[in-house]
Amino acid sequence: MTHPATQGVPGEGEALRILHLEDSELDHELVTMHVETDLPWSVEITRVEDEPGFLHALSSAPPHLILSDFALPSYDGLSAYRAAHQRLPKVPFIIVTGAMGEETAVDTLREGVTDYILKQRLERLAPSIRRAIAEVESRIRRERAEQEIRQLNASLQARLEEVERLRNTAERQSQRLEIQARQLEEALNLQKTFLAETSHELRTPLTALHGYLRRAEREAGGSQTLLDAQRVAENMTRLVNDLLQLSRGELVQSIEMHFMNLGQLLRQVGRDYGVNAPDGVYEIVGDPGRLNQVFINLVTNAIRVTGSPDKVWLEIVPRPGELEVRVVDRGPGVPDAVKPRIFDKFYRGKEAGSAGLGLTIAQQVVTAHGGTIDVVDTPGGGATFRVRLPLPEEDEETGGDLEPSIDPDDVTPDDAVTADGTADARTG
């Protein structure tokens with residue numbers, strides 16, 4: 001039977017067991033008074049004064065929560081945290097101390113300590129404990145959900161293997177093939193349901209994140225960091241909505257077209273992900289949010305496969321009537337057999353950590369802009385994703401700065417506009 005402490009929270013009718021590392025009897029009594037009066041659970045609090053007593057208590061009666069002074073005559077709170085984390089990594093650990101410098105406090109939180117409370121502010125102790133226990137409960141629910149997902153994936157894999165077996169014996173076992181076909185349909189429906197439910201679950205924390213960012217903006221004033229964070233949160237919200245639409249078999253919607261500077265958008269993506277992007281103004285008609293989503297997806301994919309943003313860069317190639325944006329990497333490249341399927345919904349190749357929808361969304365957005373997207377080999381090794389977007393009609397009529405005699409197929413990487421505005425003369 002699993003010990004209650006390993007569950008992280010007290011069971012029904014069970015007291016909250018607290019281990020208190022404190023050498024002062026008076027301070028211990030003050031802490032006890034606050035936790036017994038301000039917590040919704042009954043409390044069993046055990047006090048120890050030194051390292052041997054603390055280590056013995058950890059092994060003999062594992063607690064739901066640990067409180068510790070920071071400075072003791074022969075021991076310290078940070079060493080106590082490390083010992084507790086090694087033995088009971090999921091148990092919250094709160095430092096309750098008389099004084100602590102800001103830098104020291106930050107170091108303890110960075111180490112993994114749940115929270116710290118000053119003894120002269122013990123009214124904060126009970127809320128901190130409630131929050132810590134709530135986080136443990138949330139983690140337990142998440143772990144259970146992840147276990148269910150793993151079991152579901154195992155079940156789906158077993159069913160798909162059964163489909164393959166029946167396919168090989170279809171002529172002799174037609175009746176069993178029909179039964180298995182229904183099982184396959186059920187498995188696909190489960191996959192769509194899982195994706196839809198996951199998208200719904202992601203909406204809740206994203207909505208909360210938007211609220212926190214707006215509150216931070218009101219309290220701290222506007223800053224570029226907050227604006228960037230809000231923009232990233234909006235992009236994530238849009239991506240979740242797109243995943244939900246695709247799980248239902250729908251096309252990506254909500255394309256809002258207007259004049260925009262594509263060069264500025266690419267430079268912003270480059271700054272966010274440490275990738276070189278070209279200078280210059282490139283006016284097109286498009287949806288900045290959707291195109292930002294496209295290039296973030298392509299850039300992050302390239303960084304993931306190469307392992308470094310230094311091996312990824314952006315180029316713009318002016319072409320008659322259109323602009324070609326290239327996301328170039330020096331990674332392993334895309335096999336020829338994979339290229340025709342890489343934009344298919346749910347196709348993941350060897351990327352087991354991907355839902356297989358990012359490139360599908362990118363293709364739908366580019367198509368909605370009247371453009372095209374494909375992938376070719378990078379000269380010298382790697383992959384280059386090419387996104388071609390039409391120029392405004394007035395540019396097509398006047399020709400703009402383009403040379404009408406240029407054949408689109410004659411444009412090579414040597415003609416690309418790179419991050420310093422010059423031609424990229426790579427030799428591979």
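If you're wondering where the values come from, they're calculated on a predicted model, not measured in any experiment.
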*Run the side chain to side chain contact (heavy atoms under 4.5 Å, CB included) check on Val325 and Phe385 step by step: do they pass?*
CA-CA 8 Å; Val325 181; Phe385 281 82; over 6 Å; no
*How far apart are the closest heavy atoms of Asn261 and Gly280, and which atoms are they?*
OD1-O, 4.1 Å
*Which heavy atom of Phe93 sits nearest a heavy atom of Ser68, and at what distance?*
CZ-CB, 3.5 Å
*Do Arg121 side-chain atoms and Ile117 backbone N/O form a donor-acceptor pair below 3.5 Å?*
no
_Using the rule given for side chain to side chain contact (heavy atoms under 4.5 Å, CB included), can you reason through Leu291 versus His369, listing the C-alpha separation, both sets of side-chain angles and the distance that settles it, and then say yes or no?_
CA-CA 9 Å; Leu291 291 178; His369 282 74; 3.7 Å; yes
_Could you check whether any side-chain N or O of Thr306 sits under 3.5 Å from a backbone N or O of Gly331, counting only pairs where one atom can act as donor and the other as acceptor?_
no
*For the pair Tyr81 (side chain) and Gly112 (backbone), establish whether a donor and an acceptor sit closer than 3.5 Å, ignoring hydrogens and angles.*
yes
*Any donor-acceptor pair under 3.5 Å from Thr360 side chain to Phe343 backbone*: yes
*State, without any angle test, whether Arg150 and Gln147 hold a side-chain donor-acceptor pair at a distance under 3.5 Å.*
yes
*Apply the test side chain to side chain contact (heavy atoms under 4.5 Å, CB included) to residues Ile18 and Leu67: give CA-CA distance (whole Å), side-chain angles for both, the deciding distance (0.1 Å), then the verdict.*
CA-CA 7 Å; Ile18 299 177; Leu67 304 177; 3.8 Å; yes
_For Gln120, is the CD atom crowded, meaning more than 12 foreign heavy atoms sit under 6.0 Å from it?_
yes
*Donor-acceptor under 3.5 Å (Thr37 side chain, Met33 main chain)*: yes
*Out of curiosity, Ile316 CD1 to Leu389 CG, how far, rounded to the nearest 0.5 Å?*
9.5 Å
_Test item: Met260 and Val285 side chains (from C-beta on) under 4.5 Å apart, heavy atoms_ = no
*Ionic contact status for Arg139 with Glu135, cut-off 4.0 Å*: no
*To the nearest 0.5 Å, what is the distance between CG (Leu65) and CG (Leu39)?*
9.0 Å
_Heavy-atom pair of closest approach, residues His64 and Ala15_ = CE1-O, 3.4 Å
*Any ion pair linking Arg326 and Glu324 (charged N to carboxylate O, less than 4.0 Å)?*
yes
*At their closest point, which heavy atom of Trp313 faces which heavy atom of Val275, and how far apart are they?*
CA-CG1, 3.5 Å
_Test log, rule salt bridge (Lys or Arg N to Asp or Glu O under 4.0 Å), inputs Lys311 and Asp329_ = CA-CA 6 Å; Lys311 298 180 181 180; Asp329 70 62; over 6 Å; no
_Side chain proximity check, Val327 to Phe295, heavy atoms < 4.5 angstrom_ = yes
*asked:* I'd like to know if the side chain of Asp69 reaches the main chain of Leu72, judged simply by a donor and an acceptor atom lying under 3.5 Å from each other, with no hydrogens or angles considered.
replied: no
*Can you name the nearest heavy-atom pair linking Ala126 to Asp38, along with the distance?*
CB-CB, 3.4 Å
*Do the side chain of Thr108 and the main chain of Val113 share a donor and acceptor less than 3.5 angstrom apart?*
no
*Given side chains that start at C-beta, do those of Leu298 and Ile373 come closer than 4.5 Å, heavy atoms only?*
yes
_Would you compute the distance between atom OG1 of Thr97 and atom CG of Asp27 and round it to the nearest 0.5 angstrom?_
9.5 Å
*Is any NZ, NE, NH1 or NH2 atom of the basic residue among Lys339 and Asp377 found under 4.0 Å from an Asp or Glu carboxylate oxygen of the other?*
yes
_Val375 and Thr384, any side-chain heavy atoms less than 4.5 Å apart_ = no
_So Leu391 and Tyr282, do their side chains get closer than 4.5 Å, heavy atoms only?_
no
*asked:* Less than 3.5 Å apart, any donor N or O on the side chain of Gln268 or Arg271 sitting next to an acceptor on the other?
replied: yes
_Please check this pair: side chain of Arg319 against backbone of Pro390, looking for a donor-acceptor N/O pair closer than 3.5 Å._
no
*Please say whether more than 12 non-hydrogen atoms of neighbouring residues, nucleotides or ligands are located less than 6.0 Å from CD in Glu51.*
yes
*State, yes or no, whether a side-chain contact exists between Arg330 and Thr378 at a heavy-atom distance under 4.5 Å.*
yes
*Nearest-0.5 Å distance that lies between atom CG in Asn297 and atom CG in Asn292*: 11.0 Å
*asked:* Taking side-chain contact (heavy atoms from CB on, under 4.5 Å) as the definition, give me every residue that meets it alongside Arg47, ordered by chain and number, with sequence neighbours left out.
replied: Glu25, His28, Glu49
*Any luck finding a side-chain donor-acceptor pair between Asp107 and Thr104 under 3.5 Å?*
no
*Arg17 side chain vs Pro62 backbone, donor-acceptor pair below 3.5 Å*: yes
*Just by distance, with hydrogens left out, do Arg304 and Asn301 show a side-chain donor and acceptor under 3.5 Å apart?*
yes
*Checking side-chain hydrogen bond (donor to acceptor under 3.5 Å, both in side chains) for the pair Gln293/Arg290: CA distance, chi angles, key distance, verdict?*
CA-CA 5 Å; Gln293 182 181 1; Arg290 288 299 187 182; 3.0 Å; yes
*Rounded distance [0.5 Å steps], CD1 in Ile284 versus NE2 in His258*: 10.5 Å
*Specify the closest pair of heavy atoms between Leu314 and Leu266, including all atoms of both residues, with the distance to one decimal.*
CD1-O, 3.7 Å
*asked:* Run the side chain to side chain contact (heavy atoms under 4.5 Å, CB included) test on Gln151 and Glu146 for me, step by step, so that the C-alpha distance in whole Å, both residues' side-chain angles and the decisive distance to 0.1 Å come before the verdict.
replied: CA-CA 9 Å; Gln151 292 174 352; Glu146 290 172 351; over 6 Å; no
*Given side chains that start at C-beta, do those of Val96 and Lys119 come closer than 4.5 Å, heavy atoms only?*
yes
*Assess whether salt bridge (Lys or Arg N to Asp or Glu O under 4.0 Å) is satisfied between Asp115 and Arg131, documenting all intermediate values.*
CA-CA 10 Å; Asp115 201 355; Arg131 184 168 57 251; 3.2 Å; yes
*asked:* I'd like to know if the side chain of Arg141 reaches the main chain of Val136, judged simply by a donor and an acceptor atom lying under 3.5 Å from each other, with no hydrogens or angles considered.
replied: no
*To the nearest 0.5 Å, what is the distance between OG (Ser79) and CG (Asp76)?*
3.5 Å
*asked:* Taking the side chain as everything from C-beta on, heavy atoms only, tell me whether Val328 gets closer than 4.5 Å to Val312.
replied: no
